[in-house]
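Below is one structure, written out as structure tokens; comments come after it.
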Amino acid sequence: MQKSTFLKMVILLILITFSIPILADNSLQGKMKYTIFGRITEAANGETLEGANVEIKDLELGTTTNNYGFYSLSVPPGKYIVSYSRMGFKTITTEIILTDSKSKNIELHVQPIHLQGISVSAEEKAEIDNIELPEMGTIKISPMEIKTVPILLGEQDLLKTYQLMPGVKPAGEGNSGYYVRGGNTDENLILLDEAPVYYASHLMGFFSVFNSDAIKDVKLYKGSAPAEYGGRLSSIMDIKMKDGNVKKYSLSGGIGLIASRLTLEGPLGSEKGSLLISGRRTYADLFLPLSSDESVQDMQLYFYDFNTKANYRFGEKNHVYLSGYIGQDVLGLGENRGMNWGNTTMTLRWNHLFSNKLFSNTSVIYSNYGYQISMGNTSIIPQIDSGITDINFKEDINYYANPYYTMKFGFNVIHHNIDPGKVNEDDETSTNSTQLEYKNALENAIYISNEWIASERFTLDFGLRLTAFTTFGQASVNSYNEAGEVISTTSYDDGEIIKNYTNLEPRFTANYRYNEKSSYKCSYSRNVQYLHRISTSSAGLPMDIWIPSSEIVKPRIADQISLGYFRNFDENRYEASVEVYYKNMQNQIDYKDNADVLMNADVEAELVFGDAWAYGIEFFLKKRFGRLNGWVGYTLSTSKRRYDEINAGETFPAKQDRTHDISLVINYELNDKWTLSSSWVYYTGDAVTFPIGKYQIEGQTVNLYGNRNSDRMPDYHRLDLGATYQINDRSSLNFSVYNAYYNMNAYTITFQENEDDPTVTEAVKLTLFPIIPSITYNFKF
Amino acid sequence: MKKISKMQITSILNYMLALMFSVFLMSCEEVIDIDLHDTEPRTVIEAVITDQTGPYIVKLSKSGDYFVPNEYQTISNALIQIEDYTGISDNLVEVEPGIYHTNTLQGMPGNAYGIYISIENITYFAESIMPFPVEIDSISYEISENNGPGPNSDSNYILHCYFQDRVESEDFYRFRVYRNGVLDKNIILSKDEFTNGNYLDFEIQQVDSLQVNDLVTIELLTLNKENYDYFFSLSDALANGNGGFMSDAPANPDTNLDSEALGYFGTYPIRTATIQLED
């Protein structure tokens, strides 16, 4: 697109944006207004609350707190009854006499979500976000809900809980990734306090890297995120760490069969700041030396992670936060053989109130993902190192123009530095240490996002994100012929621009509130992705490399439209929704047959480009209160691909084309002490390529393959059970069983010669996780 | 200077992954019944010309159904002609069902060869240049102290093959190991991507069950790129249990034959060295 067209579109949007406050402010137009503003926090520990509601019923107006617990509502002078509420908390109603702008900070007290048999009274009823807000295609699970779902080995796992929601599917056992609405695993952005986390699991998907004791809020956008987010096609998972208890010191943690965790938090200064340190480690490897197998005795197998955060409030207008994460996985086989991988992130943030309507957040972010593979033998230690480092500067402004209109705008500059791989040779036997060229890129974005309450029933969220991606040298860039051979090389100096792409990403969601109980929503969004993950293995080995867009590899673009109907029943005891989506993707990437991508400087020559599209319908029903509670989700969907070079250009199903996906979660509070929980999942098997025959070369049997992805893995299903015994206020014991009815789900099916008789070939299924019980002791002081 | 090939890296990683899961999590394997799509039998051509004395052999066979014990139909009465582009042309003779021999053709490094195979109504063609040979300087062995986990954990011996890589060309190698005259199944490949022009000490660790007093022969085959690509992709398709972890999208090997034939047309020189494993 030409620069002049961009400029025109951006100017047009700015004009529309700034004219809305004038158009929108209907009933209160022309009247003098004062602002009520402040912070909403949790009474027990001072944690800021995002998404809390502030309502003035008499005026039929309201607003919600932003990511930092800040709200701002501008109304004419008068006497008002203002109610402050949030799901899971007791509503506070207070009278405010407004003769001038006024700051009012509120503390809300927790009210457990499931009340035993007590119906929720009208005053205590929290705002029902799913009906009120124009968000769709989003899932928000509070950490409390996560704690009641039984997960592998008693750990409350954030990512695994999201995979129990419609539209989000686990990539499979042993694999850390997940698919959202038919997209690939690299199309999901995971942000921890605004820092991207490139590889979000420990032990190949066994555990996620997020210690839920340190997490405050998580929200997942399934492709229709507002304009302040971008960079990936399918989803954004925005994870916010707790700030730390501002009121008193507390120590909490858990001791389990496989891993243990500990969290310490407490105030800094008199309720002006706080500190949080949280850590986790496995120790199963401490038992390995007891094995009778010599090779196992030398094995090392562990992970650890730390989350730390410190924050401090300077006066009423400034607040500074520093958060960090470091995690590592180590797999060692003795004798300098092994691999390790991990993420390190750090975020420094400064909230500043320019006025009582203008809130700003400035962030500087560092994120690194790297891995190292050591192939040691007795005399030399060759190693492969690879990774990606991001440095990010971000500015976000929220402008609460008037009660009907909130505007957000800002920009984001990310510098990516990718190390595609380095082969290290030991100095003694020295010679070629080979370093694949570093790749440098700048990913920039500027956005405007508007939320407009157009009428009593109609809310609109619309915005525009302008993104630009530039790669620059020092580099030498090859071009290839059809056979993948290099035909020319161009050299670029340090800082010289190699390639630039610019894109506009419009975002739009509308909510029509039919009545108090139901609403209709629709949305359209375009997302562009400039970084692409090249997998060197299908098993989810953490040895992938990221490549930036280039002359050959164009940015991937996804356009998604969705429609939904949201309905609550029985005074919001039940929440239900149906969402339909259609997603079209351009410049999709796949591999040629027999592609060679490990440590390959010319990896771009191994890629093919084509189209992808996915559509489906998601059903969701949740019982929010009562002794018996839980949810059921069902997704019926398809995900297709088409490339000239694969299957002779015919459309074929993507690996993640899982027609049916069912999740059922049921919790039951037996009595004061015992709570039982269960989760059951069922999904259609992945599309795979199996042999269609066999033949012989050099006397060895060779599998004969047909079209890619024309076969299916067996359907996957699994039941997990858990029981929590509340010993007292401070501690509890959790028992859980993974795969309770021991379904032998297939991790892989390989086709190979029979061990005893090589003239016979057979299909061998490998099941990764059998039935696994575990016990965890949780405490809190 | 030692070099670890990509294939070794990926197979070691597969092994680590498998080991980790099997030790840690008691995973299990079982043979299952599964329905597979069928296909018409496909033509398989194994044609090789070396620089050793002839005759050179072309084997023609057909593919079979997967769950039927190996019984591959041979293809008789095919017309096979091999040309080198100096004007020499050889029409092969079927000496056994499916096995055809050349007559007077002598393989020469540097020559380009074309093969034409007519089976019923279809003609298959491939062209391949025979590279100049790289000589083996010497071979040796060492007793492996590292009996740690890894694909070579059964082997007591590590073989070393010493040779000089050519700096002016992109070179591709295959190593075949014979233990007491019997060819070992492993397909061992290397290329000079990271070691161009170096004097190389190539370690062979994958040959299991070498024992004292074995007579070991190492053949160094200097391959052209197409033959290297074929063997590289062939190893992923073998039914000896290597696949599974790595291949998300297994495919038939990259062949230099046309018309959807399976197999390949190989032209490569061979250099040999033999050693006896002593204590």
Side-chain angles (χ1 to χ4, degrees), chain A residues 174 284 295-296 298-299 301 331 333-335 337 339 373 375 377-378 380 382 423 429 431-432 434 537-539 541 591 593-594 598-599 655 689-697 700-706 708 710 748-753 759-770, chain B residues 1-2 4 6 9-10 12-13 16-17 20-21 23-32 34 36-39 42 44 46 61 63-67 69-70 72 145-146 148-149 153 185 194-195 198 233-234 236-241 243-254 262-263:
Chain A
S295 60
V296 172
D298 283 333
M299 253 179 86
L301 183 65
L331 167 64
L333 293 174
E335 300 268 358
R337 288 176 190 252
M339 50 188 180
I373 305 169
M375 300 285 118
N377 56 36
T378 50
I380 59 166
V423 174
T429 53
T431 31
N432 323 8
T434 308
S537 110
S538 71
L541 285 177
Y591 308 97
D593 283 340
N594 299 312
L598 182 61
M599 283 299 292
K655 175 179 176 186
T689 312
F690 288 159
I692 53 175
K694 60 182 176 182
Y695 58 100
Q696 206 165 59
I697 296 282
Q700 299 197 59
T701 311
V702 188
N703 294 334
L704 172 64
Y705 294 103
R708 201 184 281 198
S710 54
T748 56
I749 297 181
T750 49
F751 293 85
Q752 56 195 55
E753 290 167 344
T759 65
V760 172
T761 44
E762 51 198 18
V764 178
K765 176 178 80 169
L766 175 65
T767 298
L768 210 48
F769 302 160
Chain B
M1 211 293 292
K2 301 185 193 197
I4 302 289
K6 278 187 207 182
I9 292 171
T10 57
I12 289 175
L13 285 166
M16 281 185 189
L17 181 58
M20 189 188 92
F21 279 122
V23 164
F24 192 40
L25 298 164
M26 310 147 293
S27 61
C28 56
E29 278 189 347
E30 67 172 346
V31 176
I32 55 170
I34 195 167
L36 294 177
H37 297 130
D38 276 328
T39 184
R42 302 262 298 267
V44 183
E46 256 188 284
S61 62
S63 68
D65 286 340
Y66 202 77
F67 292 118
N70 298 3
Y72 302 106
E145 283 166 17
N146 177 22
S153 56
K185 277 189 160 187
F194 300 121
T195 54
N198 295 354
S233 49
L234 177 67
D236 272 344
L238 285 174
N240 60 11
F245 282 114
M246 288 304 285
S247 286
D248 219 358
N252 295 320
D254 280 335
L262 298 164

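This structure is a prediction, so every number in the text was calculated from the model and none was measured. Order of the sequence lines fixes the chain letters, A, B, ..., with proteins taken first and strands second; residue numbering starts at 1 for each chain.
- At least one donor-acceptor pair under 3.5 Å links the side chain of A:K694 to the backbone N or O of B:Y66.
- At a 4.5 Å heavy-atom cutoff, the contact between B:V44 and chain A is made by side-chain atoms alone.
- Contact count versus chain B (heavy atoms, under 4.5 Å) is highest, among A:T759, A:V702, A:D593, A:T689, for A:T759.
- Here the side chain of A:Q700 pairs a donor or acceptor atom with the backbone of B:K185 at under 3.5 angstrom.
- Taking each heavy atom of A:A763 and B:F67 in turn, the nearest pair found is N-CE2, 3.9 Å.
- Of the atoms belonging to B:I32, heavy atoms from both backbone and side chain fall under 4.5 Å from chain A.
- Between B:E29 and A:L766, the shortest heavy-atom contact is CG-CD1, 3.6 Å.
- Shown here are the salt bridge (charged side-chain N to carboxylate O under 4.0 Å, His left out) partners of B:D254, two or more places apart in sequence or in another chain: there are none.
- Interface remark: of the candidates B:S233, B:A237, B:P69, B:G263, B:A237 forms the most heavy-atom pairs closer than 4.5 Å to chain A.
- A:L704 contributes atom CG, which lies 6.5 Å from atom OG1 of B:T39 (distance to the nearest 0.5 angstrom).
- Looking at B:E30, the atoms closer than 4.5 Å to chain A (heavy atoms on both sides) sit in the backbone and in the side chain alike.
- Qualifying side-chain hydrogen bond (donor to acceptor under 3.5 Å, both in side chains) partners for B:N252, counting only residues two or more places apart in sequence or in other chains: none.
- The shortest distance between side-chain heavy atoms of A:S710 and B:H37 falls below 4.5 Å.
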